[in-house]
Amino acid sequence: MIKITLPDGSIREYEGVVVTGTQIAESIGAGLAKAALAVTVDGVQRDLSDPIKADAKVSIITVDSPEGLEIMRHTVAAQVLARAVKNLYPSAKLAIGPTIEDGFYYDVAFQEPISSDDLEKIEKEMRKIIETHASISKSINSKADTIAAFKERGEDYKVKIVEESEQKDGFQLYAQGDTGFVDLCRGPHVPTLKHIGAFKLTKLAGAYWRGDSNNEMLTRIYGTAWKNDKDLKEYLHRMEEAEKRDHRKIGKEMDLFHMQGEAPGQVFWHDGGWTIFKELEGYIRGKLRRHNYQEVNTPRLINKDLYIKSGHWGKFGENGIFTSNAYEHEHALKPMNCPCHVEIFKNDGKSYRDLPIRMSEFGNCFRQEARGALHGLMRVTSMTQDDAHIFCTVEQIEQEVILLNDLIAEIYAELGFESYFVRFSDRPDARVGSDEIWDAAENGLKKACEAAGVDVVMNPGEGAFYGPKLEYVLKDCIGREWQCGTIQLDFNQPNRLGAFYVDVDGEKKHPVMIHRALLGSLERFIGILIEHYAGHLPLWLAPTQIVVSGIVEDHNPHVEKAYKRLKDAGFRVKADLRNEKINYKIREHMHAKVAMVGVIGEKEAAEDTITIRRLGAEGQKTYKMDEFIAMCHEEVKTKALPLSHQKDKQAA
RNA sequence: GCUGUCGUAGCUCAGUGGUAGAGCACUCCCUUGGUAAGGGAGAGGCCGGGAGUUCAAUCCUCCUCGACAGCACCA
């Protein structure tokens, strides 16, 4: 007799010494039995066919739960895609095929390279396989048998995986009916191919075996899978919509910036984009003033000896740092501002009374990124960091980290980012400084995080070469993660570069250095901002805040008057005096994501009003000129979020 | 950097082994129209760069530069 406790707390009893998920599902109801994909037994996912030999808490997994969807996706990858590939390309060797957010992939070594045109062919084969409704069965095998099975099939990668596994026994092989196809898998899988929903292969890309660039590159086939066609369509539509928010596309539509081959990874800022840049910079300057920072500016081209001393050269060397020969010395285009700030710190004697010193710079840095890594504004070779270095004592670290975390949270909230997360990256393999120093730095940062109440996601081995760091991560339109703000603890550089202060006891001591960036790089942050708002920026950031236009040319004198008043009131305003219909102009300016179009017609001219059409709103609204100006001032001052990001949307 | 795809007018894109096409934008003319495209005409391209194959290359091959996706990298 086995007692099974179901999620609702009810207990069912089953005769015999074993029971399976299938039996449990059947005993509950025919509908559930049909829908069941797998079971959770005492918190562990198992196949429906797995014997349950003792009392347990069991829940039946269907495709309606996130777990069920993931199991189904996994089956699409490991059973359907893998088998389709083997059917079409018998010489292909299978590596791994996990699920990812919204889908799955499979890494395959093809003898002949395949192209994205082949995806259609593979998809067709997959549909054929699913049509067979084959049942999936599992066998449990010894290590030796498993290796033998894959050796026989020429699956070199599977052999490697099993050989190098720490697991001694109990390798699960999943087969499809009597097709001869087997795959190694942790499971569980859906019981039959009838349970596969809607799927689509999405893209093809290279990926290194085991994620190591020293290894050979395999072909990764990506796909997405959903419980039905409707969900699949919705997903594809969502992705399409998301891609429209791409900052490179919107940057063009709004005439913000461009990039070109003569300067890879560098930005030609147009007037509009540079307006955003300057506004953000000004906004951050305001924060710096209130938080008692000094602002400095340091050279771009610096004798590389400084970077040898600081440790940068050893870490990034010729591949990461641009160099130039000037005055018979090799110079580096500065990759980071920190050594320069240390030099300012060192320029006169410092006392413990001076600390903390918060030294900021909108520092223009250059980094020779791997070509394939460049990505619009998000990953550039020349960037402007809203950088600062806080020179302080060990005792001051905690307080400073709390202040910084609060400041970043405040800024992200004001800019309309409700969701971001923080990664804690600790010591990397390539680093400077002793383990004792690293222990101290990591513990210091951890303690400070706790004190500041920051929830962190650990990110082992990804710290800076000089110290551990917090990374404030934002996502772009299609969910890619980008590090923006950062707080890094550095016990190394001040020592290497010989920075001292005189402590209360008269002893010379090295200060601790906290590297920090709030937005990260202005370039990347603007990219994120554009995607976050799909170009519908808050009024204070909008490159063009108002375009004023008449209905007919006769109104142009009034339009120019209104234009002048708005301009004198301090707004970024343009007058559209062209001989075009108002529909045409509205359309054009809305496409260019102008925040507001103000229309002056006969009525408005007579009554000293302006009729406003807002970006993202349906209708229009007429205001007294004075009221309109006051309203805009208020909106800029309060940094109000645009309509699309306000809870109660209203027209104008 | 690696794998794959791509590069044609200012933009978005079609196309062919015999030196090229559309829509939008631009210029001019007509139109004076109340909230997402009024009509007409015109101008505009070394088909990313270099080499090769060919009687002939935008098209085929190789190299190179750049872009896109993913991987790796990421101070």
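Each chain gets a letter, A, B and so on, in the order its sequence line appears, and its residues count up from 1. Computed from a predicted model, the values in this text were never measured in an experiment. Note: hydrogens, waters and symmetry copies are ignored here, and every other heavy atom, side chains too, is used.
No donor-acceptor pair under 3.5 Å is formed between the side chain of A/Asp490 and the backbone N or O of A/Met513.
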Given protein heavy atoms under 4.0 Å, the one-letter contact record of nucleotides 9-15 of chain B, with B base, S sugar-phosphate only and - none, is simply --SS---
Counting primed atoms, P, OP1 and OP2 as sugar-phosphate and everything else as base, the B/S/- map of nucleotides 34-51 of chain B against protein heavy atoms under 4.0 Å is BBBBB-------------
In 5'-to-3' order, the base (B), backbone-only (S) or no-contact (-) status of each nucleotide in nucleotides 61-75 of chain B, using a 4.0 angstrom heavy-atom cut-off, is -----SSSSBBBBBB
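For residues 203-222 of chain A, the salt bridge (Lys or Arg N to Asp or Glu O under 4.0 Å) pairs, not counting sequence neighbours, are A/Asp107-A/Arg220, A/Glu164-A/Arg210. Here salt bridge (Lys or Arg N to Asp or Glu O under 4.0 Å) pairs that include residues 369-379 of chain A, with residues two or more places apart or in two chains, are A/Glu369-A/Arg379. The salt bridge (Lys or Arg N to Asp or Glu O under 4.0 Å) contacts involving residues 515-525 of chain A comprise nothing, where partners must be two or more places apart or lie in separate chains. Each ring pair (Phe, Tyr, Trp, His ring centres under 6.0 Å) pair with one or both residues in residues 360-379 of chain A, not counting sequence neighbours, appears once here: A/His375-A/Trp482. Residue pairs satisfying the side chain to side chain donor-acceptor pair (under 3.5 Å) criterion with at least one member in residues 545-556 of chain A, sequence neighbours excluded, are listed as follows: A/Ser549-A/Lys585.
Taking atom P in both B/C47 and B/C59, the straight-line distance is 9 Å, to the nearest Å. On the P atoms, B/U12 is 15 Å away from B/A67, given to the nearest whole Å. One P atom belongs to B/A43, the other to B/C6, and the distance between them is 34 Å to the nearest Å. On the C1' atoms, B/G21 is 26 Å away from B/U54, given to the nearest whole Å. Nucleotides B/U61 and B/G18 have their P atoms positioned 16 Å apart, rounded to a whole Å. One C1' atom belongs to B/G4, the other to B/G40, and the distance between them is 47 Å to the nearest Å. If you take atom C1' in B/A9 and the same atom in B/G42, they sit 15 Å apart, rounded to whole Å. Between the P atoms of B/C62 and B/U3, the separation comes to 14 Å (whole Å).
Taking atom CE of residue A/Met254 and atom P of nucleotide B/A25, one finds them 20 Å apart after rounding to whole Å.
The six-membered or imidazole ring of A/Phe421 lies away from that of A/Tyr472, with a centre-to-centre distance of 6.0 Å or more. For A/Phe268 and A/His258, the gap between ring centers is short of 6.0 Å.
Salt-bridge annotation for A/Glu125 and A/Lys121: absent, with no side-chain N of the basic residue lying under 4.0 Å from a carboxylate O of the acidic one. Checked for salt-bridge contact, A/Lys244 and A/Glu241 meet the test: a charged N lies under 4.0 Å from a carboxylate O. By the 4.0 Å N-to-carboxylate-O rule, A/Lys469 lies close enough to A/Glu471 to be salt-bridged with it.
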**Prompt:** Do A/Leu81 and A/Met126 pass the side chain to side chain contact (heavy atoms under 4.5 Å, CB included) test, and can you show the C-alpha distance, the side-chain angles, and the key distance before you say yes or no?
**Reply:** CA-CA 6 Å; A/Leu81 173 55; A/Met126 288 170 74; 3.8 Å; yes
Criterion side-chain hydrogen bond (donor to acceptor under 3.5 Å, both in side chains) on A/Thr611 and A/Thr622, from CA distance to verdict
CA-CA 4 Å; A/Thr611 297; A/Thr622 303; 2.8 Å; yes
Can you list the steps and then say if A/Glu588 with A/Arg578 is a salt bridge (charged side-chain N to carboxylate O under 4.0 Å, His left out)?
-> CA-CA 12 Å; A/Glu588 190 179 284; A/Arg578 292 174 304 169; 2.9 Å; yes
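Across residues 92-108 of chain A, not one residue has a non-hydrogen atom less than 4.0 Å from an atom of RNA chain B.
The salt bridge (Lys or Arg N to Asp or Glu O under 4.0 Å) check on A/Glu580 picks up nothing, with sequence neighbours excluded.
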Would you list the atom pairs, donor with acceptor, under 3.5 Å between side chains in residues 331-344 of chain A and any protein atom, with sequence neighbours excluded?
unit_1   : atom_1 : unit_2   : atom_2 : d
A/His331 : ND1    : A/Ala326 : O      : 3.4
A/His331 : ND1    : A/His329 : O      : 2.9
A/Lys334 : NZ     : A/Thr298 : O      : 3.4
A/Lys334 : NZ     : A/Thr298 : OG1    : 2.7
A/Lys334 : NZ     : A/Pro299 : O      : 3.4
A/Lys334 : NZ     : A/Asn337 : OD1    : 3.0
A/Lys334 : NZ     : A/Glu361 : OE2    : 3.1
A/Asn337 : ND2    : A/Gln385 : OE1    : 3.2
A/Asn337 : ND2    : A/Asp387 : OD2    : 2.8
A/His341 : ND1    : A/His389 : ND1    : 2.8
A/His341 : NE2    : A/Glu361 : OE1    : 2.7
A/Glu343 : OE1    : A/Lys346 : NZ     : 3.3
A/Glu343 : OE2    : A/Lys346 : NZ     : 3.2

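Base pairing in RNA chain B gives the following stems of 3 or more Watson-Crick or G-U pairs, range against range and under 3.5 Å: B:1-7 with B:65-71, B:10-13 with B:21-24, B:26-30 with B:38-42, B:48-52 with B:60-64.
Between A/Asp554 and A/Arg578, the residue anchored closer to the 5' end of RNA chain B is A/Arg578, taking for each the nucleotide with the nearest heavy atom.
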